Every structure is written in structure tokens, then in C-alpha cells.
Amino acid sequence: QLLIKIISSPNTNKSFIGIPGKKCGTIILTAEELSNCRDSAMMQFCANKLDKKDFFGKSDPFMVFFRSNEDGTFTICHKTEVVKNTLNPVWKEFAIPVRALCNGDFDRTIKVEVYDWDRDGSHDFIGDFTTSYRELARGQSQFNVYEVSHTLGNGRTVTESIVTLLSFSVESEFTFLDYIKGGKKKQGNECSSLPSIGNPSQSTSLHYMNPYQMNAYAMALKAVGEIIQDYDSDKMFPALGFGAKLPPDGRVSHEFPLNGNIENPYCNGIEGILEAYHQSLKTVQLYGPTNFAPIINHVARYAAAVQDGSQYFVLLIITDGVISDMAQTKEAIVNAAKLPMSIIIVGVGQAEFDAMVELDGDDIRVSSRGKLAERDIVQFVPFRDYMDRTGNHVLSMARLAKDVLAEIPDQFISYMKSRGIKPNPAPPPYTPTGHTHHHHTQI
């Protein structure tokens, strides 16, 4: 109902509810339909002879860009970084979606305000100027040299400072769907950890093979894998295990094919992986420690061989949360962040997952030997958070798959964008031979 009110009226005022009898302020909501423009404008500015605002120094200038709205008001759409202690700043190049800057209306007014940054937040106003997307698109020229003006207390307008556009370019913002339509292929690699957590024939084991229902490993594999497999044309996935003694000599391995075939570890679809997983539980002996680095490096070798954007690799690791080679795993992730791959970790059981959260890197980017990962490529979720107490496994597994895969499109796009890889043109829609009727309904 609130959404309908916002859309149907120019401005919607809603009062904050707090202490009874006390006014807590009002928020004004304004709605405007966004254009379908997907371009992004790249700009860089510099300034000369800005006002000196700091008593002991010069100024710490930054710029704020405002888009004009249909009702004549302005909305902030970008802030530059602060350049410290200078009256002649050169700001870094930045990108802003054209929709945010002018909503596709190239003649709409864009207001730019220049401030001197203050630590307490009371930034000093230096001056402002107005322009438009059409003017900016002319690039570096006499048309994009702006006088920054401000009004004094006596009402007199003073113009002393100059802001100059140094560069302007436009890039198309491609979506995950653009790449999928153009034929980019995602490769799935499924891995289950098989650490020393008991005999699979005993109910206390996380790998317990209950004849009536799937264990947590199998449920997580099925929930996530059934979605990932739809992005792979041949549905053939290499499935690897780690943390077990292998027959016949009992050698400990952290990188072995679940189907037992070293030459061809590929399984046919998710059902083929589940079959190989269950078969491996009968032939190997679960054994620690649990090392992640060999598996990550295994997939990274494949990804390193295909960096032209034609393939993207997704490594799904299902584990009980115990990890024995944290330093090596961090180094493997930092190296893999440069490659076309993402890593999904699903933690099963009741163990503490502090190490997995650290690898996720949402709060603090993973680093190794002082080097930060180029991209955030790891997504971690604890399986126990998705167990439905009512027994509705279908709904809970759907939520698991949704959250696990939520970051993959952005990670995919970040790689393609960092390498300047554009999607292939989408193939023309299929038209049956012999048919001349050209009306199509697409859903």
C-alpha cells in the first residue's frame, strides 16, 4: 500500500514514530520511473584557485553531484573523494550510471557543489555550478570549463574558482543475463569434504547414509547443484573429495575423484554426483586433516587455462567447517581471485564456522602475505540456518540455493568487467523452417 501511495502522489510525507507525544521528524518519499538506459559515464575533473577555507592549511575539497527531479528538487547522485590540503585538486576518475545522473534525459540540469571537508561534518561551501549530460558529453573543451560561484552575505555573487572536465567517456553496463544470452558457459565443480567424523553407517556421522532421507551433504549438493547445472550445457561435472584414505594402500588424499576415475572425474548431472558420493563412502576411509588449498588450486588450474571469458568456473565445497591449512587456503583464494572462478562453501553440522566466515571476505577482504584478493569470490552459508523445523525441506532448500548463489552474478560481472570482456551478441530467435508467420510471444 505504501508503494502505491508513493507512486500515485508527487510527494509522500511519513512521520517517524518514536516517543509518544514527541515529534521524531518526517521523511519525504519521491518516486520517478527509471529509464531503460544502461550506460555508465566515466568522468574526471580538476579545479583551480579554490577558496582557502582552513585556518592552518588550504582546503580539503570534494564535489557533490545532484540530479534534478521532475518536481524541480535535487537528489544527490555522487560524491567524489576528498583531496587533502590543496586549492588545485585533481580528483580521481569515477563512474556513475547515466540513469542516476539524469535518468536518460540528456538536457536535464545537473548541479555540482564544491565543499571543503571538515572532520566534524560541517563542511564549508565553496561554490557551485550547473551543467547537463549533453554538455559533459562534449568532453574536454571550452564548453566544460565552469566558474564556481557563491553568494556572499551582502547578496553579491563571487566567481573566483574554476572547475574543468578533464575526460568523459561512456561505457555500456552489461548484465549477467547479457552474457548468458551471448553463450558464456559456467563450469560447475562439486567437492565434498570427507574428514574423520565417524562411520557413514552410524547415525552420528554427518555422512550417515539413511535409507529414508538424504544427509546434509547430499541435500546441500542437490539444492545448489540443481540450479548451477542449468548454466552448463553438457551437465558433466568433475566431483572431488578431500580428507580420506584411499584403497588399496590407505594413502591420504585431499584431491580425489568421487567416482574413482582419475582420468575422467566427470559425473553426469547432480544425480551422477550423488551416486558417486554415496559409492565413495563405501570404498574410502574418512580421514583428516581437511585441507582446502589443493581443491581450490585444482580448479584454479582449469580456470587459468581459459581466461578469455568463454567459461566461468564455480567451485562448490561442502564441509563440516574444520580446516587445517588456513594460510595455504588464503593464498589459494588470493591467487584464484584473478581467475574466472567463484567459490561457494556450504558448512554442515554444528561446528564453529569462524574460519569459513573469514574466508567469505564480506567484512574484510581475504589477504595473504600482505596481498589483498583482487575480487571477493567466496560465498559461505551455514546449512543449519536453512533447516526447516516443520520438515518443509523443499522450501528451506530453495532458500539455501537462493542465498548461496546470490553473489555469483556480481562476481561473474566483476571478472568480465575487470578484463574488458563484453558479451557476445545474442543469437537470433529461433524460427521454424517453412513458417512465415513472424509473431512471437516470449515469456
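Keep in mind that what you see is a predicted model, and the values were worked out from it rather than measured.
Side chain of N261 to backbone of E263: a donor-acceptor contact under 3.5 angstrom is found. Remark: the backbone N or O of D308 is not paired with any side-chain donor or acceptor of R419 at under 3.5 angstrom. In this structure, D178 contributes its side chain and P423 its backbone to no donor-acceptor pair below 3.5 Å. With hydrogens and angles ignored, the 3.5 Å screen pairs a side-chain donor or acceptor of S324 with a backbone N or O of T290. Under a 3.5 Å cut-off, the side chain of H298 and the backbone N or O of P294 do not form any donor-acceptor pair. Between the side chain of T329 and the main chain of D325, a donor-acceptor pair closer than 3.5 Å is present. Judged by distance alone, with hydrogens and angles left aside, the side-chain atoms of Y415 form no donor-acceptor pair with the main-chain N or O of A337 at under 3.5 Å. Not one N or O on the side chain of S68 forms a donor-acceptor pair closer than 3.5 Å with the backbone of F74. Judged purely by atom type and a 3.5 angstrom limit, S367 has no side-chain atom pairing as donor or acceptor with the backbone of G370. In this structure, the side chain of N297 engages the main chain of A293 through a donor-acceptor pair within 3.5 Å.
In plain terms, the two heavy atoms of P340 and V306 that are nearest each other are CG-O, 3.3 Å. Considering every non-hydrogen atom in both S40 and A95, the closest pair reads OG-CB, 3.9 Å. Nearest heavy-atom pair across A304 and L339 is CA-CD2, 3.8 Å. The nearest pair of heavy atoms linking I295 to G241 is CD1-O, 4.3 Å. Taking every heavy atom of both residues into account, F106 and V98 meet most closely at CE2-CG1, 4.2 Å. Residues I296 and I317 approach most closely at CG1-CD1, 4.4 Å, considering heavy atoms.
F380 is linked by a ring pair (Phe, Tyr, Trp, His ring centres under 6.0 Å) to F353, counting only residues two or more places apart in sequence or in another chain. Checked against salt bridge (charged side-chain N to carboxylate O under 4.0 Å, His left out), K402 has no partners two or more places apart in sequence or in another chain. With sequence neighbours left out, S169 forms a side-chain contact (heavy atoms from CB on, under 4.5 Å) with M42. Applying the salt bridge (charged side-chain N to carboxylate O under 4.0 Å, His left out) rule to E275 yields no partners; only residues at least two apart in sequence or on another chain are considered. Residues that satisfy the ring pair (Phe, Tyr, Trp, His ring centres under 6.0 Å) test with F125, not counting sequence neighbours, are Y115. Residues passing the salt bridge (charged side-chain N to carboxylate O under 4.0 Å, His left out) test with E81, sequence neighbours excluded: none.
With rounding to the nearest 0.5 angstrom, the CH2 atom of W91 is 6.0 Å from the OG1 atom of T80. Atom CG in D376 sits 10.0 Å away from atom CG in D410 (nearest 0.5 Å). Going from atom NZ of K422 over to atom CD of E171 covers 8.0 Å, rounded to the nearest 0.5 Å. Here CG of L136 is found 4.0 Å from OG1 of T131. Values are rounded to the nearest 0.5 Å. The distance from atom CD1 of I110 to atom CZ of R67, rounded to the nearest 0.5 Å, is 10.0 Å. Of the inter-residue distances, the one linking D105 atom CG with E70 atom CD reads 9.0 Å to the nearest 0.5 angstrom.
By the neighbour-count criterion of 12 heavy atoms within 6.0 Å, atom CZ of R301 is densely surrounded, having more than that number from other residues, nucleotides or ligands.
At a threshold of 4.5 Å between non-hydrogen side-chain atoms, the residues N103 and R108 count as touching. Contact of the W117 side chain with the S59 side chain is not registered, since no non-hydrogen atoms from C-beta on lie closer than 4.5 Å. Within the 4.5 Å cutoff, side-chain heavy atoms of I408 are placed close to those of I344. Annotation: side chain of V366 is in contact with side chain of V334 (closest heavy-atom distance under 4.5 Å). For the pair I323 and L359, the minimum side-chain heavy-atom distance is below 4.5 Å. Contact annotation: the side chain of V163 never approaches that of C46 to less than 4.5 Å [non-hydrogen atoms, C-beta and beyond]. At least one side-chain heavy atom of L50 sits under 4.5 Å from a side-chain heavy atom of P89. Taking 4.5 Å as the limit, every side-chain heavy atom of V148 sits out of range of all side-chain heavy atoms of D128.
Below 30°, between 30° and 60°, or above 60°: for Y133 and F168 the angle between ring planes is above 60°, a perpendicular geometry. Relative ring orientation between Y179 and F174 is described as perpendicular, the plane-to-plane angle rising above 60° on a 0-90° scale split at 30° and 60°.
If you check the side chains of T86 and N88, you find no donor sitting under 3.5 Å from an acceptor. A donor atom on one side chain and an acceptor atom on the other are not found under 3.5 Å apart for T164 and Y146. Y386 and D403 are linked by a side-chain donor-acceptor pair at a separation below 3.5 angstrom, with hydrogens and angles left out of the test.
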Exercise. Run the side-chain contact (heavy atoms from CB on, under 4.5 Å) check on I345 and Q379 step by step: do they pass?
Worked result: CA-CA 6 Å; I345 303 175; Q379 167 75 341; over 6 Å; no
For this session: Run the numbers on D116 and H123 for side-chain contact (heavy atoms from CB on, under 4.5 Å), then give the verdict.
Result: CA-CA 6 Å; D116 167 46; H123 311 308; over 6 Å; no
For this session: Mind running side-chain contact (heavy atoms from CB on, under 4.5 Å) on D385 and L400 for me, showing each step along the way?
Result: CA-CA 9 Å; D385 290 356; L400 170 70; over 6 Å; no
Problem set entry | side-chain hydrogen bond (donor to acceptor under 3.5 Å, both in side chains) assessment of S342 paired with Y312 | CA-CA 8 Å; S342 292; Y312 192 85; 2.7 Å; yes
For this session: Decide yes or no on side-chain contact (heavy atoms from CB on, under 4.5 Å) for Q44 and F94, but give the supporting numbers first.
Result: CA-CA 7 Å; Q44 185 179 20; F94 64 89; over 6 Å; no
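The existence of a salt bridge linking K417 and E173 is confirmed by a sub-4.0 Å separation between a basic side-chain nitrogen and an acidic carboxylate oxygen. Under the 4.0 Å criterion applied to side-chain N and carboxylate O atoms, E331 and K371 are not assigned as salt-bridge partners.
Aromatic rings of F65 and F45 (six-membered ring for Trp) have centroids within the 6.0 Å cut-off, being under it. Between H254 and F292, the ring center distance fails the sub-6.0 Å criterion.
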